2 protein chains.
Amino acid sequence: MATIREHGIGAVSARTVAAVAGVNQALVFYHFGSVRELVVAAFRDEAARQIAGHRAGLAEVTSLGALVAFAATLRGESPALTPLLAAAHTDPLLGEAAKAALAEWIAEIEAVLTRILAASVLDGLADPADLARAVAAAFLGAELLGGVDPLAEESAFAVIGNLAALAQALDGQGPVVRRALKAAIKRTR
Amino acid sequence: MATIREHGIGAVSARTVAAVAGVNQALVFYHFGSVRELVVAAFRDEAARQIAGHRAGLAEVTSLGALVAFAATLRGESPALTPLLAAAHTDPLLGEAAKAALAEWIAEIEAVLTRILAASVLDGLADPADLARAVAAAFLGAELLGGVDPLAEESAFAVIGNLAALAQALDGQGPVVRRALKAAIKRTR
DNA sequence: GTCTATAGAGGGATAGAC
DNA sequence: GTCTATCCCTCTATAGAC
């Protein structure tokens with residue numbers, strides 16, 4: 001993971017990884033079989049560690065605004081999920097690894113969203129499972145954008161924050177507005 | 001672009017490209033100087049061609065729903081922008097190419113959004129420039145997700161469509177609800 | 001488990017004939 | 001402009017000593 005973070009997933013080779021680890025190149029094949037399997041193992045390990053480390057934090061998220069704030073703390077820490085997803089386009093083995101790592105995150109997000117939406121006017125706007133995927137897509141896209149243009153990532157995050165704030169503001173509206181929103185949501189389905 | 005589409009950006013080499021073109025490998029260096037410069041040139045050409053081909057279609061987009069529908073027609077056609085963005089993480093030269101291609105798309109989106117928002121209750125929710133970046137991030141993220149899980153891409157697109165439909169529905173509300181929304185938006189800024 | 005050594009392949013880039 | 005031929009590099013993976 002250190003070599004991926006520093007030089008990108010394209011620079012990962014048995015030699016570069018071994019050099020960072022201070023061991024011999026042949027050990028990669030002894031322990032993992034191939035370089036790709038090493039990468040898969042690294043991501044599996046990383047994903048499990050990250051999820052475990054943030055589960056407590058996610059449990060305390062009870063509003064959309066808090067979810068965005070939580071995502072902001074993750075920026076930079078999830079360093080190489082977008083490169084992995086892009087590499088998956090070419091390599092089906094990496095694709096499986098990416099899918100598994102993403103599925104774990106999406107499941108966590110879905111649990112949080114289900115909890116938040118249950119008490120919101122926006123409940124019923126979309127299936128929580130679909131919504132979780134959309135939220136993941138938005139954050140991944142922002143991170144992807146940030147790779148070439150950090151200011152664009154800021155913009156995207158700011159807008160997501162604004163949308164969350166608006167959603168929270170809608171929950172604070174009076175009964176007339178809430179009824180109108182409920183009806184509008186029902187019609188959009 | 002054909003080799004990138006088929007085998008991924010990682011499989012691009014002077015030899016593979018030359019083979020697809022039916023010419024000699026050395027010509028890559030004669031015409032482009034290096035493989036990276038060839039890739040940059042290919043993306044610059046592709047981006048210009050795509051934008052030009054869709055500018056007329058974008059000019060006819062006058063609602064958020066139509067924008068989502070337009071984006072749906074683009075799926076699969078913008079084949080390798082996400083791999084390029086991911087590769088940009090490693091290679092600054094590709095990063096410049098990706099930034100330029102993205103900037104063109106974002107400018108187009110911003111023009112459309114500015115037009116749409118001017119007639120919407122949601123005007124003032126966010127700066128159109130920021131909003132355009134967020135929209136681009138959402139679509140890129142959905143495409144990225146689709147690379148490993150096509151169903152997840154469908155989910156993300158469905159939710160984006162729902163949000164657009166809700167936004168349109170809000171514009172059809174009566175004066176009481178509109179005033180409440182305006183006030184809520186003002187407060188979230 | 002860790003190392004050296006090496007086979008075998010692919011790739012970037014250049015020289016020089018035509 | 002297009003080709004052949006070639007240099008030199010890095011890479012994956014294996015064999016085999018320790």
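What you see is a predicted model, and the numbers here were worked out from it, not measured in a lab. Each chain gets a letter, A, B and so on, in the order its sequence line appears, and its residues count up from 1.
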Does a side-chain N-to-carboxylate-O contact under 4.0 Å join A/Glu96 and A/Arg44?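 A/Arg44 and A/Glu96: not salt-bridged.
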Quick test of your reading of the model: are A/Glu153 and A/Arg75 salt-bridged, counting only N-O distances below 4.0 Å?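 Yes, charged N to carboxylate O under 4.0 Å.
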Return the set of residues passing ring-ring contact (aromatic ring centres under 6.0 Å, His included) with B/Phe29 (not counting sequence neighbours), or none when no residue passes.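 Listed in chain order: nothing, the list is empty.
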Distance check needed: D/dT2 P versus B/Tyr30 OH, whole Å only.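 Rounding to the nearest Å, OH of B/Tyr30 and P of D/dT2 are 8 Å apart.
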Report yes if the side chains of A/Phe43 and A/Leu94 come closer than 4.5 Å at any heavy-atom pair, otherwise no.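 SC-SC contact between A/Phe43 and A/Leu94 ruled out.
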Run the numbers on B/Leu113 and B/Leu64 for side-chain contact (heavy atoms from CB on, under 4.5 Å), then give the verdict. CA-CA 8 Å; B/Leu113 286 177; B/Leu64 287 177; 3.9 Å; yes
Protein heavy-atom contacts under 4.0 Å, written 5' to 3' over nucleotides 3-18 of chain C as B (base), S (sugar-phosphate only) or - (none), form the string BB------BBBB----
